[in-house]
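Values in this document were obtained by computation on a predicted structure and should not be read as measured data. Counting starts at 1 for both ligands and their atoms, in listed order.
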Amino acid sequence: MNWLNKLIVGLMPIAPKFLIGQVAKRYIAGEELEDGIQRVYKLNDHGFLGTMDVLGESITDKAGTEKPMRLYKNLIRELGEHPDLRTGISVKLTQLGLNIDKEFCWENFKEILEMGQEIDLLIRIDMEDSSVTEDTLQIVERAHEIYPKVGAVIQAYLHRSEEDMHRLLEQDINVRLCKGIYKESASIAYQSKEEVRENFIKLGKIYLANGGYLGIATHDEYLIDHFRTYIENKGITTDNYEYQALLGVPIEHILQPLVDDGKTVRIYVPFGEDWYAYSSRRLKENPDIAGYVIKDFFKRDKLS
Ligand SMILES: Cc1cc2nc3c(=O)[nH]c(=O)nc-3n(C[C@H](O)[C@H](O)[C@H](O)COP(=O)(O)OP(=O)(O)OC[C@H]3O[C@@H](n4cnc5c(N)ncnc54)[C@H](O)[C@@H]3O)c2cc1C
């Protein structure tokens, strides 16, 4: 992390909410469910698919899960009213109580699963920090037995991920592969950019070479190029993979040509009133994002 990013993160607690709001605007569809829906419609118009995420923090008491449960149920109900919207949803299990009680979390998630199943919705379980990796994968596996349109996320920086990829491949579970956003120790995670990249490629190929469905979730042009070439050379069809990116990251110049070329590209669309905590947390977890934030701030006029 460079000194400027460190400084920005250090100053965050005293930065005016307005300032963070200017930044968050770019990465978040808005506070309301309708904002998320409208944003996905716009993306659909340009050929992109969506995955909608209700912003929220890890919950520490059972009553705290009522709000995210209500919001997710509202979202699924609303998606049922918009069958033409091309989107799935992404869910964080700590919002549903994973840090409190795994069985309680499962019961919550099962309700979402059953509602989603009724409208044939793709449900992705996001991956959080390493303290919940195993529990999260076990819930994915349990859910997948009931409803196959449940996907997992694997983080390329974790040493354990190679084994996890094989484990999920055996069960034919749809995987989103990303680098990983949390700060993890060197005893369990690769630390250098090169090692993470290398492992990303290795893990992606485990899936692509063996007929698994892979979501290539990265903004790293090197990786996107690498997979594009690999996929072409191997003649892998679009039934087996898609590209994924976060809303607001400026890589349309790469993504739009992929869409125009008939490839599937899905955009992660977070929305909700908890945008401040989400944006702050993202910055603290990965201070390098501060660099993008500042760049965005100065580029704002051009972009808006
Ligand atoms: C669809 C999707 C879902 C994800 N889900 C999860 C998850 O469930 N769990 C998890 O731990 N992580 C998740 N992530 C985050 C991921 O792990 C990385 O932290 C994040 O994508 C940055 O890594 P990168 O692969 O883009 O590579 P980087 O090397 O970090 O970035 C590559 C280039 O992309 C640009 N860039 C990257 N991020 C930004 C940004 N925010 N703003 C502007 N430019 C940017 C920069 O120019 C950078 O040089 C997800 C990412 C995506 C795209």
Side-chain angles (χ1 to χ4, degrees), residues 1-2 5 8 23-28 43 48-53 55 58 87-95 98 122-133 136-137 140 151-158 161 164 174-184 188-201 203-204 214-227 241-255 264-270 278-279 281-300 303:
M1 176 194 344
N2 73 31
N5 295 347
I8 295 163
V23 168
K25 260 190 203 164
R26 185 186 172 91
Y27 296 101
I28 288 157
L43 290 165
F48 296 91
L49 306 185
T51 184
M52 297 178 71
D53 166 64
L55 291 168
S58 166
T87 191
I89 64 170
S90 287
V91 179
K92 284 188 178 55
L93 292 180
T94 62
Q95 272 183 275
L98 187 60
L122 176 63
I123 303 176
R124 171 91 50 196
I125 301 185
D126 282 347
M127 188 53 83
E128 301 177 72
D129 71 70
S130 59
S131 68
V132 293
T133 307
T136 302
L137 290 179
V140 171
V153 177
I154 292 289
Q155 297 156 322
Y157 61 16
L158 288 186
S161 289
D164 291 336
N174 174 324
V175 160
R176 170 201 296 155
L177 178 61
C178 65
K179 286 185 180 175
I181 188 82
Y182 302 87
K183 287 286 161 200
E184 301 289 359
I188 60 162
Y190 299 110
Q191 304 291 313
S192 78
K193 191 173 170 135
E194 290 68 31
E195 282 175 315
V196 176
R197 257 188 187 164
E198 210 176 290
N199 205 39
F200 193 113
I201 290 172
L203 300 182
L214 186 72
I216 304 163
T218 181
H219 317 105
D220 186 337
E221 296 190 26
Y222 173 86
L223 287 177
I224 296 173
D225 277 352
H226 185 95
F227 278 104
Y241 72 94
E242 65 186 47
Y243 296 96
Q244 298 186 359
L246 300 175
L247 183 71
V249 176
I251 56 161
E252 297 86 347
H253 62 289
I254 297 177
L255 300 184
T264 305
V265 182
R266 189 181 299 277
I267 306 293
Y268 190 97
V269 180
Y278 171 85
S279 310
R281 192 153 54 94
R282 286 278 91 82
L283 275 167
K284 283 184 198 133
E285 280 160 1
N286 182 358
D288 293 341
I289 287 175
Y292 311 140
V293 161
I294 287 295
K295 250 196 272 165
D296 285 341
F297 187 70
F298 288 112
K299 281 199 301 193
R300 183 137 287 281
L303 291 166

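The main-chain N or O of Glu195 is found under 3.5 Å from a side-chain atom of Ser192 such that the two form a donor-acceptor pair. No donor-acceptor distance shorter than 3.5 angstrom exists from the side chain of Tyr27 to the backbone of Val269, with no hydrogens or angles considered. In this structure, the side chain of Glu184 engages the main chain of Ser130 through a donor-acceptor pair within 3.5 Å. At distances below 3.5 Å, at least one donor-acceptor pair connects side-chain atoms of Glu128 with backbone N or O atoms of Leu93. Judged by distance alone, the side chain of Arg266 and the main-chain N or O of Gly50 form a donor-acceptor pair under 3.5 Å. Side chain of Asn199 to backbone of Ala156: a donor-acceptor contact under 3.5 angstrom is found.
For Thr218 and Asp220, the side-chain atoms include no donor-acceptor pair closer than 3.5 Å.
Of all the atoms in ligand 1, the ones that sit under 4.0 Å from a non-hydrogen atom of Ala245 are 1 (C), 53 (C). Numbered from 1 in the order shown, with element, the atoms of ligand 1 that lie under 4.0 Å from a heavy atom of Tyr182 read 11 (O). Residue His219 approaches ligand 1 through these ligand atoms, each under 4.0 Å from one of its heavy atoms: 21 (O), 24 (P), 25 (O), 26 (O), 32 (C), 33 (C), 34 (O), 37 (C), 38 (N), 53 (C). Here is the list of ligand 1 atoms found below 4.0 Å of a heavy atom in Gln244: 1 (C), 53 (C). Counting atoms of ligand 1 from 1 in the listed order, those under 4.0 Å from a heavy atom of Asp126 are 8 (O). Each of the following atoms of ligand 1 lies closer than 4.0 Å to a heavy atom of Lys179: 17 (O), 23 (O), 24 (P), 25 (O), 27 (O), 28 (P), 29 (O). Counting atoms of ligand 1 from 1 in the listed order, those under 4.0 Å from a heavy atom of Gly180 are 11 (O), 16 (C), 17 (O), 19 (O).
Annotation: Val153 places no N or O atom under 3.5 Å from an N or O atom of ligand 1; distance criterion only. Ligand 1 has an N or O atom lying under 3.5 Å from an N or O atom of Thr218, backbone or side chain. Of the polar atoms of Tyr27, at least one N or O is found under 3.5 Å from an N or O of ligand 1, judged by distance alone.
Evaluated by nearest non-hydrogen atom to atom 45 (C) of ligand 1, the leading choice among Leu247, Ile216, Val249 is Val249.
Only the side chain of Arg176 comes within 4.0 Å of ligand 1, counting heavy atoms alone; its backbone N, CA, C and O stay farther away.
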